[in-house]
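I have placed the structure first, in the form of structure tokens, so that the comments after it can refer back to it.
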Amino acid sequence: MIQAKAYAAQTPETDLAPWGFERREVGPHDVQIEILFCGVCHSDLHQIKNDWFPGIFPMVPGHEIVGKIVKVGDHVKKFKVDELAGVGCMVDSCQVCENCKDGLEQYCLEGSTQTYNSNDRSGVPTYGGYSNTIVVREEFVLHVSDKLPLAATAPLLCAGITTYSPLRHWKVGKGHKLAVLGLGGLGHMGVKFGAAFGAEVTVLSTSPSKEVEAKALGAHHFVVTSDPEHVKAVSGSFDFILDTVSAEHDMNLYLSLLRTNGTLIGVGVPSQPYSIQPFSLLAGRKSMAGSGIGGIPETQEMLDFCAEHNIVSDIELIDIKDITASYERMLKGDVRYRFVIDMATL
Ligand SMILES: [Zn+2]
Ligand SMILES: [Zn+2]
């Protein structure tokens, strides 16, 4: 077994703290990565606090992992020692169901194995990226370009693919008016991708102070959603709304901003069900949809697109000992736009 170091939550009530544990030996189809940086996703906090479902403890969060390959199994074909690599939200799936065969492993009909807070297919708990090393089967490892700043690449593995995938699926691009609701870790990537795909991008936000930042990220317009005049001016105007908000919000208001045949795509995870008036959808044949991360082929496509177009996340690099303080800032929305842990500080 491989001795690994990490920051773990021992229970939902305790803060993250140093913890030693074992990773499996590198099997014939496995890749071992020395983790250099790991992004901090809001879902890390949700999971260590048991907000969604009872978690597996001790828990090592982290699913925006980048680092350097230090060992590969005898049958590994796509990766070599010393190359850069990434791991996102999944580390395994059945590989044979129709969704897996279509490269939609995130929707594996048997359920994909999450990078942490999950049991692998032999029943062993998985531990995530707030750690010095990880062992992952080759099919779930991504190539990472050395052209991009590595720390700022980490958030592409969750925040990046979560926004890239729906924009590609709905073919958002030239001639479309796209609104991005919420300007956080997900939203700021939605703005960058929307603009890169050629859409006319509007940020919808409750904070007027974010207008300058939104435009610097590539947004063409900015709407303060707490200002009724602002909102009225864009009523019925958007082809798509990418809704990245995980707090409760008035879905009927946002559906009213879609034009006929428009689609609102939810990628955030509010803890309460949405409340939607039937007329909000049927008056104007509007759609409401959801999308979860992206499959492995599309995640690689996204990373390659980012390398080609020089797209990364805007980040604040932190020491791992500051993780609890960073969660508190994240809860207040006080981060531009993603914390990334420098794993050399572990
Ligand atoms: Zn995430
Ligand atoms: Zn499957």
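Order of listing sets the numbers, starting from 1, for every ligand and every atom in it. Count residues from 1 along the sequence. Owing to the predicted nature of the structure, the values given are computational and were not obtained by experimental measurement.
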Can you name the one residue among Leu148, Ile315, Val340 that meets side-chain contact (heavy atoms from CB on, under 4.5 Å) with Thr153?
Leu148
Examine Arg168 relative to Phe305 and say whether NZ or CZ is less than 6.0 Å from the centre of the six-membered ring and inside a 45° cone about the ring axis.
yes
Apex the Zn ion (ligand 2); atoms Cys108 SG and Cys100 SG; angle rounded to 10 degrees
100°
Report for the Zn ion (ligand 1), protein N, O or S closer than 2.8 Å, by chain and number, lists Cys41 SG, His63 NE2, Cys158 SG
Is the distance between the ring centroids of Trp19 and Tyr127 under 6.0 Å?
yes
Minimal non-hydrogen separation, Arg338 against His42, with atom names:
NH1-N, 4.2 Å
Considering only residues two or more places apart or on different chains, which pairs with a residue in residues 69-90 satisfy ring pair (Phe, Tyr, Trp, His ring centres under 6.0 Å)?
His29-His75, Phe79-His143
Report yes if the distance between the aromatic ring centroids of Tyr164 and Phe197 is under 6.0 Å, otherwise no.
yes
